[in-house]
Amino acid sequence: MTIPRTLIDKIWESRLIDSKPEGDLIYIDLHLFNEVTSPQAFEGLKLKDRKVRRPDLCMATADHDVPTGKHGLQVIDEIADKQLRFQQMYCKEFGIEHYPMSSSGNGIIHVLGPEKGLTQPGMTIVCGDSHTATHGAFGAIAFGIGTSQVEHVLATQTLRLSRPKTMSVTLVGTPHPDATAKDLALAVIRTLGTDGGTGHLIEFRGDAVRNLSMEGRMTLCNMAIEAGARSGLVAPDETTFAYLKGKERAPKGPLWDLAVDYWHSLATDPGAQFDKEIEIDITEVGPMVTWGVNPAQSVPVGSKIPALESFATKSEREAAVAALSYMGLEPGVSVSDIPIHTVFIGSCTNGRLEDLQAAAKVLEGRKISSSVRSLVVPGSASIKREAERLGIDKVFSEAGFEWRSPGCSMCVGMNGDIVPPGKHSTSTSNRNFEGRQGAGARTHLVSPETAAATAILGRIASPSDLPPINKKEGK
Amino acid sequence: MMEPVSIIKGSAYPLPRSNIDTDQILPAKWMKRVERTGYENGLFEIWRQDPSFITNDPERSQASIIVAGENFGCGSSRQHAVWALRDFGIRAIISSSIADIHRGNLPQEGIVPIELAQDVVELLLAATGVNPRVEIEINVTDRTVTCAEAGVFAMPFRIDNVSHFNLIHGYDPIDVTLTFEKSIETHESSRDPWLPQCSPEFV
Ligand code: SF4
C-alpha cells in the first residue's frame with residue numbers, strides 16, 4: 001500500500017534530485033525574471049565565466065520600472081533606464097525570451113506566465129519576486145527567491161532547499177455574495193497573521209476555493225506570501241484545464257491528454273497528512289479593507305477600526321499603535337469616513353481582465369468623485385488590447401479613470417506612479433506597507449469592485465453602498 | 001568562496017517592532033541600481049531621518065547585530081535589503097521569526113539568521129536596549145547564543161541546515177551544486193514531454 005501524499009509532496013518528490021541533511025536539491029521547471037532582481041545575478045554568472053544552463057526554461061519581462069502613461073513616455077530616471085538596458089543586454093547575450101517595455105507581449109511577470117500557458121500544474125517555478133506565489137493557483141510549487149538563488153538557478157537549473165512544511169488551509173462556509181477572491185484573501189491573512197504560514201507551503205482547499213475562477217485563485221495564491229507562506233497552491237481541476245486549453249504554450253494534441261491524466265493524479269490523496277491543518281470559517285465574509293500597514297490589519301468595509309483592547313497580544317497591539325500613527329487614524333474611526341485621494345486598480349493581484357471587467361461593471365454609467373485621482377493599469381499588453389476590444393477602456397475613461405499601459409505601476413511606485421505623502425489610497429495591490437506606494441503614502445487594500453465604488457463616492461465603499469443610477473442621466 | 005563564519009561577537013541594535021518588512025529595510029527606489037554594493041545609506045532610510053532612531057545612536061556605531069521583533073524581513077524578496085544590511089556592517093539578525101525568503105537571502109552575504117523563542121528575544125532586547133555596550137556572542141558552528149547581561153547562556157538557536165552548512169564552510173553553493181551534474185542530467189533526460197519551453201522566437 002502506498003502512503004497517501006499531498007499535492008505539495010507529489011510535486012516536490014517528482015523534482016527531487018538529491019537529498020542530504022543540509023537540504024534537498026530540486027529541479028526548477030521555469031525561471032521567470034523581472035528587470036529589478038536579475039542584473040546582479042547575470043553579472044555574477046559572467047564574473048565566474050558560467051553559462052545559463054537552460055535558457056529554454058527562462059522568460060523575462062520588464063514590469064517594475066516601466067512608465068505606464070503612454071507608450072514612448074520617458075523612463076523615470078537614468079538608473080531605471082540602465083536597469084532596463086541591462087536586462088535587454090543579458091537576455092540577448094544568453095538567448096532568453098524577453099518582453100521589453102512597450103513590446104506587444106509585455107506585462108507583469110506573474111500575469112504573463114499564466115497568460116502564455118507557461119504556468120502549468122505540477123511544475124516548480126521560481127522568480128526573484130515574492131509574488132511568484134501567484135502561479136501556485138495552477139497546482140504548481142512557485143515561490144520567490146533572492147538574487148543569489150536566481151544566479152544559482154541560472155547556473156544549475158536547481159536549488160538546494162530545506163524541505164518546506166505543508167499546511168492545509170480549508171475555507172468552510174459560504175461567503176457573502178459580494179465577496180471577491182481578494183476579500184477572501186484578506187480574511188485568510190487576517191486569521192493566519194502575517195507570519196502564520198512561515199516555513200510552509202499552503203494548499204488552499206474547500207468549496208469556496210473550488211468555486212473560484214482561475215483569476216480568483218491567482219488573487220488568493222498571490223497573497224499567500226502576505227501570510228508568510230512561500231507559496232499557496234490550489235489542486236488542478238476542470239477549471240484549471242479549461243483555462244489552460246488552447247493557451248500558446250499549453251500542451252497540444254496527444255500530449256494534452258497525457259498531461260491532463262497526469263495533472264489529475266496530483267490532487268492530495270484522501271487521508272494524506274499535512275504538517276499543519278487549519279480551517280477558516282468564511283461564512284458571511286464580504287468586502288474587506290485594510291486600515292493599517294500590513295495586509296493582516298483589515299476589517300469589513302463599512303465597519304470601524306478595532307479598539308486597541310481587542311488585539312490578543314501585546315505585539316499586535318503595539319503594531320496597531322504604530323500602524324495607526326503612520327496612517328493618521330485612530331481606533332473607532334469608521335473606515336467609510338477616510339477621505340480617499342487616489343484609487344489604483346491593477347497589479348499582479350488584481351490586474352487581470354476579469355478584475356477590470358468587475359470594476360467596469362460597477363463604473364458603467366457612473367462618474368468618479370471629482371476629489372479622487374483614479375488610474376487603472378492592465379496587467380499585460382494583451383489584457384489591455386482585449387479590454388479595448390471589449391470597450392472596457394471606454395467605461396473607465398468615461399467614468400473619469402486614467403486608462404494606462406501595463407506595468408507594476410502604483411503597486412510599488414518605482415516607475416514614478418505614486419500616492420502623495422499623507423494621502424490615502426485604495427489599491428487593488430497586495431502590500432499596504434509604509435511608503436510602498438510612495439513616501440508617506442497611506443494605502444488601503446481592497447478588491448477591484450470596492451476600488452471602483454470608492455472612486456465614485458470618494459470614500460471607502462463597496463458597490464452595495466452606491467445609489468442606483470439615475471436612468472435619465474445614465475445610459 | 002566566502003569567508004567561513006564561526007563566531008560573531010558584537011553589540012546590537014534593538015528593534016522591537018514586529019513585521020519589519022524589506023521595504024522598510026531598503027526602500028524600493030534603491031532597487032533600481034544594478035550594482036551589488038553601496039547600499040549602506042539606504043538601510044532603514046526613512047526611519048533614520050528621525051535622529052532618535054536606534055542606528056543613529058553614536059554609542060552603537062560599532063554594533064553588528066540586529067535584535068528585532070517577530071517576522072523580520074517579510075514582504076519583497078529583494079536581496080538588496082541584505083546588501084544594505086551587509087554594507088552597513090550587520091553580521092547577524094536575531095528574531096523569533098525571520099520571513100522565509102529573507103532568511104534564505106541573509107546567509108548568501110554571510111549574515112547569520114538566528115531564530116530564538118520570543119521570551120529570549122525579549123531578554124536580549126531589554127539588555128541591549130538599556131546598555132549600548134552589551135555584547136552578544138554567537139557561536140555559529142554550535143548554533144548557540146550567549147549574552148551574560150541578558151542572562152542568556154549558550155542558548156541553542158534555530159537555523160536551517162542549508163544556511164548553516166554554507167555559512168560554516170564558506171562554500172559557494174553553486175560550486176557545490178555543480179558537483180551534481182550527473183544527477184541533474186539524469187533528471188533532465190526524463191522530464192515530462194509536455195513541459196513548456198521558452199525561446200526568443202516566441203517574442
Ligand atoms: S505588481 Fe506589485 S507585487 Fe506584482 S510583481 Fe509588480 S511590484 Fe511585485
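So you know, we letter chains A, B, ... as the sequences are listed, proteins then strands, and number each from 1. Please read these numbers as outputs of a predicted model, since none were measured by experiment.
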Point-to-point distance, once rounded to the nearest 0.5 Å, from OG1 of A/T37 to CZ of B/R78: 10.5 Å
Heavy-atom pair count under 4.5 Å with chain B, highest-scoring of A/G105, A/G23, A/S315: A/S315
Under 4.5 Å from a heavy atom of chain B, the part of A/F433 involved: both
Residues of residues 249-257 of chain A within contact distance of chain B, non-hydrogen under 4.5 Å: A/R249, A/P251, A/L255
Toward chain B, the part of A/Q40 with a non-hydrogen atom under 4.5 Å: both
Trace of the side chain to side chain contact (heavy atoms under 4.5 Å, CB included) decision for B/N166 with A/E22: CA-CA 9 Å; B/N166 289 329; A/E22 67 265 19; over 6 Å; no
Salt bridge B/E70-A/K314, side-chain N to carboxylate O under 4.0 Å: no
Spatial distance of atom OG1 (A/T156) from atom CG (B/D175) [nearest 0.5 Å]: 11.0 Å
Option that, when pairs with chain B are counted at under 4.5 Å, heavy atom only, ranks first among A/I145, A/T132, A/I76: A/I145
Side chain, backbone, both or neither of A/A323 within contact of chain B (heavy atoms, under 4.5 Å): neither
Residues in residues 18-34 of chain B near chain A [non-hydrogen atoms, under 4.5 Å]: B/S18, B/N19, B/D21, B/D23, B/Q24, B/A28, B/M31, B/K32, B/R33, B/V34
Contact summary for B/Q79 and A/G146, nearest pair of heavy atoms: OE1-C, 3.3 Å
Residues from residues 186-203 of chain B approaching chain A under 4.5 Å (heavy atoms): B/H187, B/E188, B/R191, B/D192, B/P193, B/W194, B/L195, B/P196, B/Q197, B/C198, B/S199, B/P200, B/F202, B/V203
More than 12 heavy atoms of other groups within 6.0 Å of A/K165 NZ: no
Pi-cation contact, B/F165 with A/R160 (under 6.0 Å, within 45°): no
Proximal component of A/M123, with respect to chain B [non-hydrogen, under 4.5 Å]: side chain
Options A/I96, A/D24, A/I225, ranked by heavy-atom pairs under 4.5 Å with chain B, top entry: A/I96
A/T194 portion near chain B, given a 4.5 angstrom heavy-atom threshold: both
Step-by-step side chain to side chain contact (heavy atoms under 4.5 Å, CB included) determination, A/T198 to B/N71: CA-CA 9 Å; A/T198 301; B/N71 204 24; 4.2 Å; yes
Interface moiety of A/A259 toward chain B, non-hydrogen atoms closer than 4.5 Å: both
Closest contact, heavy atoms only, A/L161 versus B/V162: C-CG2, 3.8 Å
Any residue of residues 36-58 of chain B which, by heavy atoms, sits under 4.5 Å from chain A: B/R36, B/Y39, B/W47
Chain B contact via A/E316 - which portion, at a heavy-atom distance below 4.5 Å: neither
Atom group of B/S76 that falls short of 4.5 Å from chain A, counting heavy atoms: both
Region of A/R50 that comes under 4.5 Å of a non-hydrogen atom in chain B: side chain
Pairs of heavy atoms under 4.5 Å with chain B: top-ranked of A/G413, A/G199, A/G228: A/G199
Pair B/S97-A/D195, side chain to side chain donor-acceptor pair (under 3.5 Å): steps then yes or no: CA-CA 8 Å; B/S97 70; A/D195 63 352; 3.2 Å; yes
Residues, nucleotides or ligands: over 12 heavy atoms within 6.0 Å of A/E78 CD: no
Shortest non-hydrogen contact between A/H152 and B/P173, atoms and distance: NE2-O, 3.5 Å
Top of A/E248, A/K92, A/R54, A/E43 for chain B proximity - count of heavy-atom pairs under 4.5 angstrom: A/R54
Heavy-atom contact with chain B under 4.5 Å, split by part of A/E35: neither
Separation between OG of A/S162 and CZ of B/R103, rounded to the nearest 0.5 Å: 8.5 Å
Heavy-atom contact with chain B under 4.5 Å, split by part of A/D77: side chain
Steps toward side chain to side chain contact (heavy atoms under 4.5 Å, CB included) verdict (B/I101, A/S130): CA-CA 8 Å; B/I101 303 178; A/S130 59; 3.8 Å; yes
Heavy-atom proximity to chain B below 4.5 Å, by part of A/L25: side chain
Contact class of A/S14 relative to chain B, heavy atoms under 4.5 angstrom: backbone
Structural part of A/L57 lying under 4.5 Å from a heavy atom of chain B: both
Part of A/L84 within contact of chain B (heavy atom distance under 4.5 Å): neither
Heavy atoms from other residues, nucleotides or ligands near CZ of B/R91 exceed 12 (cutoff 6.0 Å): no
Proximal component of B/H80, with respect to chain A [non-hydrogen, under 4.5 Å]: side chain
Test side chain to side chain contact (heavy atoms under 4.5 Å, CB included) applied to A/R53 and B/I184, step by step: CA-CA 11 Å; A/R53 182 183 176 89; B/I184 300 173; 3.5 Å; yes
Largest heavy-atom contact set with chain A, pairs under 4.5 Å, which of B/N105, B/D100, B/I98: B/D100
